[in-house]
Amino acid sequence: MINVTFPDGAARQFPEGISGFEIAKGISPSLAKRTVAMALDGVLADLADPITRDARIEFVNRDDPRALELIRHDAAHVLAEAVQSLWPETQVTIGPVIENGFYYDFARDEPFSLEDFPAIEKKMREIIARDAAFTKEVWTREQAKAFFAAKGENYKVELIDAIPVGDDLRIYRQGEWLDLCRGPHMTSTGKIGNAFKLMKVAGAYWRGDSNNPMLTRIYATAFAKQEDLDLYLKQLEEAEKRDHRRLGREMDLFHFQEEGPGTVFWHPKGWTLFQGIISYMRRRLAGDYDEVNAPQILDKSLWETSGHWDWYRENMFAAQSAGDEAEDKRWFVLKPMNCPGHVQIFKHGLKSYRDLPLRMAEFGVVHRYEASGAMHGLMRVRGFTQDDAHVFCTEDQLAEECLKINDLILSTYSDFGFDKIVVKLSTRPEKRVGSDALWDHAEAVMGRVLKQIEAQSGGRIQTAVNEGEGAFYGPKFEYVLRDAIGRDWQCGTTQVDFNLPERFGAFYIDADGQKKTPVMVHRAICGSIERFTGILIEHFAGHFPLWLAPEQVKVLTITQDGDAYAREVAEAAKRAGLRVGVDLRNEKITYKVREHSLAKAPVLLVVGKKEAAERTVSIRRLGSQEQRSMGLDQALAMLQLEALPPDQKRLRAPDAVADGAAVELDGKRVVAGQL
RNA sequence: GCCGCAGUAGCUCAGUGGUAGAGCACACCAUUGGUAAUGGUGAGGUCGGGAGUUCAAUCCUCCCCUGCGGCACCA
């Protein structure tokens, strides 16, 4: 007999091997009917599984959050059956649950297209309506291999070969169809319900390896209820409205064109935003870092020395004199990184241990030849600006420098409105330079730093370790921030480099008069400013806090009678340091309000006869219908204060805690994600 | 780079084997209005580029470029 404990704390004895289904049925037939799976000591299992030990049991129904994964997983099986029944020559491979849905990879000469979706969905509904039970069988390796080999399912055979010897091979049947699967599953296909949708087709390499054949992947999603599915689809639409490429066009921030694949044409407003970010970073560096600027193109030999020519040649641009008769036909490399240049600056003149730590920053423009399929708006470009810096220090200073960088990164993110941060330590990759002893040492230091980061944050910062994900030249921290709609972006990075100082022969004179190789730390906070701008656009949905908004104030006239006063207001706003535009066009005020609201102007100052007579302005904030009348000087003083970047606000009111996540709207503080 | 899809006016999109259309934006005219679209007129396109099929190609075929969705990559 075994002891089974129920969620209410009651315990009962049952014969060993009794199934969850039998227990549920014993309690009530309706419980058995609505239960799709069980959890034993918190672990999901098939309801039909025999229970062979004392356990805490929970009956999971469709509405249980844990059932969502089962619904999706079961739907993946049904998708595979549907596809194979429509196109029997198709081989099935894998079909995992992913965030927000699931996919299934198929091998077929002709890839699926969106036109196939209605037929597949129809077939899936048929299979679900049949409501065949999911039943589990355990097969031997030979039996399974023979079965799938006979069906021509070569990928499944490969999968079986990859399963560790000794593990059970589980087969799940759903009526006529079956699949190799780890499980668990719900009791029958009918439990999936009809709140599912095929989303898109895509190519994907078998086992994620680009040397392998490409399969055709069908992405889909499923929910317990239709309302949930509808909500999800709605969220996708909302996310699309934030797309920085769309907002970049609508807000006239930047554009791309064919002649410059992966390179940005920044328009005045976009460049103002971009430069606003750089100005902020410059202020944050002042005092601690020296800003430098290294050449854009340097002789190929320097990149051979740095190792880039060997490691990344495929991804670099090179330039040469265009003149056929030029006396110098050397190849110059368009810099893909700033570090070799910075090492040259470090090496210029003897350095003493007293000069360390030496922190060298550059807003350097780098070019990398990204694969054509990799480009994506501002997020992945071929020419971009890094907020890059290199810290030259001693071994002893390494931990402290990492922590100092950490403080700078976290406070910067907070100023930009990001508060959910994950810090990941990436350790030695297979392909690397430097002795194991060096790696041991650096990883130990960084491991300690990581623990301290977590401890310092009081639980706000999550940490993780990515084994084997380090750069070839050293371990690194990666800073991942979460935006207003829950997407994660890796931006900042702190990387220890064992390679470069030695390759270039950089050294300093230590206290004992001996030459020593400095430790070099690469670090970036925003990473690519282009990409960071894109992230900010999407995070704020174009609805920037005042300090970032390219045009902060727009003065609108009601009739031409207000023109003179409007110009006066704009002049005064400009003197107050605000970025201001005037709209004197002969258009109705409703027209102007609509247009500038769509363009996401944060503050509209409407002026007419009344305002001109009283020296006031009528203020309308983006996202609000309300208007507030205020004296001109008072209004400008208020806006001037609000427009102060967070770092300068701190200087003015040292006690005030910066809260970059909040945006002021009509005097109310609003979290960016709720805009 | 790989798989699939797409490219028509500044933007969003319709369309046809007989060299093109709408709305918005733009220009001009009238209108001078109190917080999300005033009316009229006009201008604007070698239909991504090249080659082929055809009497005739924006439309069909092939190649290339660029973009989009994924995959792979991301120093």
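Throughout, protein chains are lettered first and strands after them, A, B, ... in sequence-line order, and every chain is numbered starting at 1.
Ring centroid separation for the pair A/Phe498 and A/Trp439 comes in under the 6.0 Å cut-off.
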N/O donor-acceptor pairs under 3.5 Å from side chains in residues 421-433 of chain A, not counting sequence neighbours:
{"residue": "A/Thr427", "atom": "OG1", "partner": "A/Glu467", "partner atom": "OE1", "Å": "3.1"}
{"residue": "A/Thr427", "atom": "OG1", "partner": "A/Gly468", "partner atom": "N", "Å": "2.9"}
{"residue": "A/Arg428", "atom": "NE", "partner": "A/Glu443", "partner atom": "OE1", "Å": "3.4"}
{"residue": "A/Arg428", "atom": "NE", "partner": "A/Glu443", "partner atom": "OE2", "Å": "3.1"}
{"residue": "A/Arg428", "atom": "NH1", "partner": "A/Asp440", "partner atom": "OD1", "Å": "3.3"}
{"residue": "A/Arg428", "atom": "NH2", "partner": "A/Asp440", "partner atom": "OD1", "Å": "2.6"}
{"residue": "A/Arg428", "atom": "NH2", "partner": "A/Glu443", "partner atom": "OE1", "Å": "3.0"}
{"residue": "A/Arg432", "atom": "NH1", "partner": "A/Pro429", "partner atom": "O", "Å": "2.8"}
{"residue": "A/Arg432", "atom": "NH2", "partner": "A/Asp436", "partner atom": "OD1", "Å": "3.1"}

Side-chain polar contacts of residues 107-115 of chain A - donor-acceptor pairs under 3.5 angstrom, sequence neighbours left out - could you list them?
{"residue": "A/Arg108", "atom": "NE", "partner": "A/Glu89", "partner atom": "OE2", "Å": "3.3"}
{"residue": "A/Arg108", "atom": "NH1", "partner": "A/Glu110", "partner atom": "O", "Å": "2.8"}
{"residue": "A/Ser113", "atom": "OG", "partner": "A/Glu115", "partner atom": "N", "Å": "3.2"}

Taking distance alone, no hydrogens or angles, what donor-acceptor pairs closer than 3.5 Å link side-chain atoms of residues 252-262 of chain A to residues at least two apart or in another chain?
{"residue": "A/Asp252", "atom": "OD1", "partner": "A/His267", "partner atom": "ND1", "Å": "2.7"}
{"residue": "A/His255", "atom": "ND1", "partner": "A/His267", "partner atom": "NE2", "Å": "2.7"}
{"residue": "A/His255", "atom": "NE2", "partner": "A/Gln257", "partner atom": "OE1", "Å": "2.9"}
{"residue": "A/Gln257", "atom": "NE2", "partner": "A/Glu259", "partner atom": "OE1", "Å": "3.4"}

Table please: side-chain donor-acceptor pairs of residues 334-346 of chain A below 3.5 Å, with sequence neighbours left out.
{"residue": "A/Lys335", "atom": "NZ", "partner": "A/Ala294", "partner atom": "O", "Å": "3.1"}
{"residue": "A/Lys335", "atom": "NZ", "partner": "A/Asn338", "partner atom": "OD1", "Å": "3.1"}
{"residue": "A/Lys335", "atom": "NZ", "partner": "A/Glu362", "partner atom": "OE2", "Å": "2.7"}
{"residue": "A/Asn338", "atom": "ND2", "partner": "A/Gln386", "partner atom": "OE1", "Å": "3.1"}
{"residue": "A/Asn338", "atom": "ND2", "partner": "A/Asp388", "partner atom": "OD2", "Å": "2.8"}
{"residue": "A/His342", "atom": "ND1", "partner": "A/His390", "partner atom": "ND1", "Å": "2.8"}
{"residue": "A/His342", "atom": "NE2", "partner": "A/Glu362", "partner atom": "OE1", "Å": "2.6"}
{"residue": "A/Gln344", "atom": "NE2", "partner": "A/Pro340", "partner atom": "O", "Å": "3.2"}

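The same atom, P, is picked in B/rC24 and in B/rG42; the two are 15 Å apart, to the nearest Å. Atom P of B/rG7 sits at a distance of 12 Å from the matching atom of B/rC59, rounded to the whole Å. Comparing the same atom, C1', in B/rG15 and in B/rC71 gives a spacing of 35 Å after rounding to whole Å. The C1' atoms of B/rA56 and B/rU19 are separated by 10 Å, rounded to the nearest whole Å. The separation of B/rA6 from B/rG23, taken at their C1' atoms, amounts to 22 Å, rounded to a whole angstrom. Distance noted for atom P between B/rA20 and B/rU46: 12 Å (whole Å). Nucleotides B/rG70 and B/rC64 place their C1' atoms 23 Å apart, quoted to the nearest Å. B/rG44 and B/rC62 have their P atoms separated by 36 Å, given to the nearest Å.
Residue A/Arg246 places none of its side-chain N or O atoms closer than 4.0 Å to OP1 or OP2 of B/rC11. Proximity of A/Tyr591 to the phosphate of B/rG39: no side-chain N or O atom is located under 4.0 Å from OP1 or OP2.
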request  = Mind running side-chain contact (heavy atoms from CB on, under 4.5 Å) on A/Arg621 and A/Arg628 for me, showing each step along the way?
outcome  = CA-CA 9 Å; A/Arg621 303 297 303 249; A/Arg628 191 149 52 119; over 6 Å; no

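Annotation: side chain to side chain donor-acceptor pair (under 3.5 Å) contacts of A/Trp206 (sequence neighbours excluded): A/Glu158. Applying the ring-ring contact (aromatic ring centres under 6.0 Å, His included) rule to A/Phe504 yields no partners; only residues at least two apart in sequence or on another chain are considered. Partners of A/Glu250 under the side chain to side chain donor-acceptor pair (under 3.5 Å) rule, at least two apart in sequence or in another chain, are A/Arg246. A/Arg368 meets the side chain to side chain donor-acceptor pair (under 3.5 Å) test with no other residue; sequence neighbours excluded. A/Gln495 is linked by a side chain to side chain donor-acceptor pair (under 3.5 Å) to A/Tyr473, A/Thr493, counting only residues two or more places apart in sequence or in another chain.
Taking atom CG of A/Leu598 as the reference point, atom P of B/rA36 lies 11 Å away to the nearest angstrom. The distance between atom NZ of A/Lys610 and atom P of B/rG34, rounded to the nearest whole Å, is 13 Å. Going from atom CD of A/Glu595 over to atom P of B/rU38 covers 11 Å, rounded to whole Å. One atom, CD of A/Glu587, and another, P of B/rG34, lie 14 Å apart when rounded to the nearest Å. Between the CD atom of A/Glu240 and the P atom of B/rU12 there is a distance of 12 Å, given to the nearest Å. Computed from coordinates, the A/Arg594 CZ to B/rA25 C1' distance equals 12 Å when rounded to whole Å.
Among the heavy atoms of the strands, none lies under 4.0 Å from A/Thr216. Looking at heavy-atom distances under 4.0 Å, A/Lys592 makes no contact with the nucleic acid at all. Note on A/Gln490: nothing from the nucleic acid sits closer than 4.0 angstrom, heavy atoms only.
Evaluation of atom-type donor-acceptor distances gives no pair under 3.5 Å for the side chain of A/Thr590 against the base of B/rU35.
The nearest heavy atom of RNA chain B to A/Arg249 and to A/Lys609 marks one nucleotide each, and the one closer to the 5' end goes with A/Arg249.
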note = For nucleotides 65-75 of chain B, 5' to 3', base contacts (B), sugar-phosphate-only contacts (S) and non-contacts (-) with protein non-hydrogen atoms under 4.0 Å give SSSSBBBBBBB

query = Once Watson-Crick and G-U wobble pairs under 3.5 Å are found, how is RNA chain B written in dot-bracket notation, 5' to 3', with | for any base paired to another strand?
reply = (((((((..((((....[..)))).(((((.......))))).....(((((..]....))))))))))))....

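Panel note: side chain A/Thr517, backbone A/Gly505; no donor-acceptor pair is recorded below 3.5 Å.
Within residues 551-561 of chain A, the residues approached by RNA chain B to less than 4.0 Å at the level of any non-hydrogen atom are A/Ile558, A/Thr559, A/Gln560, in residue-number order.
In this structure, A/Asp243 pairs ionically with A/Arg245, as a charged nitrogen and a carboxylate oxygen lie closer than 4.0 Å.
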